[in-house]
Amino acid sequence: MRPLTDEETEIFFKKLARYIGTNVKHLIQQPDGNYCFRLHNKRVYYVEERLMKRATNVARENLKSLGVCFGRFTGSGQKFVLQITALEYLAQYAKYKIWLKPSAEQTFLYGNHVMKSGLGRITDNTPQYQGVVVYSMSDIPLGFAAVAKSTQDCRKVDPSAVVAFHQADVGEYVRHEDTLV
């Protein structure tokens with residue numbers, strides 16, 4: 001387990017900023033202590049500093065996971081992919097959100113994009129291709145997506161148009177339980 005390099009930090013924080021904007025600083029400085037991000041086997045973990053210092057006594061090959069896995073770097077190391085395990089933290093600090101109608105929740109949880117007909121609400125002034133957290137109408141976080149249309153464009157499109165591209169959802173806990181860490 002090691003700290004992120006400057007290049008990795010830049011790639012990682014750019015991805016996080018797509019969803020939570022400048023609220024990234026709130027992840028690091030929590031009221032209950034300081035947290036940090038560490039890299040282990042191409043996966044980025046969100047760890048309390050106290051726990052991270054204790055984990056230095058464990059050999060790398062014996063360490064499976066530590067803290068919450070936020071995602072992983074691709075094979076080339078040039079891209080970062082957020083995992084559903086980061087949803088709890090993204091939902092807390094998300095700038096832009098969309099809410100799904102109950103009829104569209106199951107479709108989204110099966111890994112499909114969000115159609116205009118399933119869109120309940122959207123945060124005002126959401127720009128196109130912005131990262132958003134997807135909620136049910138009862139404010140339960142379901143996953144995250146990238147908006148295909150801006151808020152203004154969403155009002156004009158037909159009901160069968162895609163308004164948000166699926167990125168991850170809580171159904172992945174069941175579909176990919178063997179690969180999630």
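All of these numbers come straight from a predicted model, not from anything done at the bench.
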Applying side-chain contact (heavy atoms from CB on, under 4.5 Å), run through His166 and Asn112 and close with a yes or a no. CA-CA 6 Å; His166 178 274; Asn112 297 315; over 6 Å; no
Under 3.5 Å, is there a donor-acceptor pair between the side chain of Tyr19 and the main chain of Tyr93? no
Among pairs that include at least one residue of residues 72-95, which meet salt bridge (charged side-chain N to carboxylate O under 4.0 Å, His left out), considering only residues two or more places apart or in two chains? none
Atom pair CG (Leu100) and CE (Met115), whose distance is rounded to the nearest 0.5 Å: 12.0 Å
Test your reading of the model: is there a side-chain donor-acceptor pair from Asn41 to the backbone of Arg43, 3.5 Å cut-off? no
Backbone N/O of Gly143 and side chain of Asp169: donor-acceptor pair under 3.5 Å: no
Taking it one step at a time, do Leu16 and Leu90 satisfy side-chain contact (heavy atoms from CB on, under 4.5 Å)? CA-CA 8 Å; Leu16 268 186; Leu90 293 178; 3.8 Å; yes
Can you confirm whether Leu27 sits close enough to Tyr35 that some side-chain heavy atom of one is under 4.5 Å from a side-chain heavy atom of the other? no
Looking at every heavy atom in both Ile122 and Cys154, which two are closest together, and how far apart are they? CD1-SG, 4.2 Å
Can you tell me which residue among Phe13, Phe73, Phe37 is in a ring pair (Phe, Tyr, Trp, His ring centres under 6.0 Å) with Phe80? Phe73
Charged N to carboxylate O below 4.0 Å: is that the case for Arg2 and Glu8? yes
When you compare the side chain of Pro3 with that of Arg38, does any pair of heavy atoms fall below 4.5 Å? yes
Would you please name every residue forming a side-chain hydrogen bond (donor to acceptor under 3.5 Å, both in side chains) with Gln92, sequence neighbours left out? none
Quick check on Asp6: does its CG atom have over 12 non-hydrogen neighbours (other residues, nucleotides or ligands) under 6.0 Å away? no
Tell me whether the count of non-hydrogen atoms from other residues, nucleotides or ligands lying under 6.0 Å of OH in Tyr110 goes above 12. no
Decide yes or no on side-chain contact (heavy atoms from CB on, under 4.5 Å) for Glu7 and Gln78, but give the supporting numbers first. CA-CA 9 Å; Glu7 183 181 336; Gln78 298 300 315; 3.3 Å; yes
Taking all non-hydrogen atoms of both residues, which atom of Cys36 and which atom of Glu49 are closest, and how far apart? SG-CG, 4.0 Å
Got a sec: does the CD of Gln106 have more than 12 other heavy atoms crowding it under 6.0 Å? no
For Lys42 and Gly75, indicate whether the former's side chain and the latter's backbone hold a donor-acceptor pair under 3.5 Å. yes
Check: Val147 and Val163 side chains under 4.5 Å, non-hydrogen atoms: no
Given 3.5 Å as the limit, does a donor-acceptor pair link the side chain of Ser150 with the main chain of Gln128, or not? no
Quick one: does any side-chain atom of Thr151 pair with a main-chain N or O of Thr123 as donor and acceptor, under 3.5 Å? yes
So, Gln30 side chain and His26 main chain: donor-acceptor pair closer than 3.5 Å or not? yes
Do you know which two heavy atoms are closest between Leu66 and Ala55, and how far apart they sit? CD2-CB, 3.4 Å
Classify the angle between the aromatic ring planes of Phe12 and Phe70 as parallel (below 30°), tilted (30 to 60°) or perpendicular (above 60°). perpendicular
Quick one: pull up CG in Leu51 and NZ in Lys53 and give me the separation to the nearest 0.5 Å. 11.5 Å
Check for a donor-acceptor pair, side chain of Tyr135 on one end and backbone N or O of Ala91 on the other, with a separation under 3.5 Å. yes
Does a side-chain heavy-atom distance below 4.5 Å link Val47 with Met52? yes
Write down the atom of Val133, the atom of Pro141, and the distance for their closest heavy-atom approach. CG1-CB, 4.5 Å
Tell me, do Asp139 and Trp99 make a side-chain contact under 4.5 Å, heavy atoms counted? yes
Please report the shortest heavy-atom distance between Lys116 and Asp158, naming the atom on each side. CB-O, 3.5 Å
Do Tyr45 and Val68 come within less than 4.5 Å of each other through their side chains, counting heavy atoms only? no
same_hphob_cluster(Ile84, Leu109) at 4.5 Å side-chain heavy-atom cutoff: yes
Using modelled atom types and a 3.5 Å cut-off, is there a donor and acceptor pairing between side-chain atoms of Gln130 and backbone atoms of Tyr96? no
Where does the angle between the aromatic ring planes of Phe165 and Tyr129 fall among parallel (under 30°), tilted (30 to 60°) and perpendicular (over 60°)? parallel
Note: Leu142 and Glu105 closest approach over all heavy atoms is CD1-CG, 3.8 Å
Are Ile28 and Asn34 side-chain neighbours, meaning at least one heavy-atom pair lies under 4.5 Å? no
Cluster question for you: counting only ILVMFWY and a side-chain heavy-atom cut-off of under 4.5 Å, with indirect links fine, are Val81 and Tyr46 together? no
Worked verdict on Leu82 versus Phe144 for side-chain contact (heavy atoms from CB on, under 4.5 Å): CA-CA 9 Å; Leu82 277 170; Phe144 42 91; 3.8 Å; yes
If the condition is side-chain hydrogen bond (donor to acceptor under 3.5 Å, both in side chains), which residues does Asp124 pass it with, not counting sequence neighbours? none
Keeping the roles fixed (side chain from His113, backbone from Val162), state whether a donor-acceptor pair exists under 3.5 Å. no
Reported CD1-to-OG1 distance for the pair Ile11 and Thr74, which is rounded to 0.5 angstrom: 8.0 Å
Distance (rounded to the nearest 0.5 Å) between Lys101 NZ and Ser136 OG: 14.5 Å
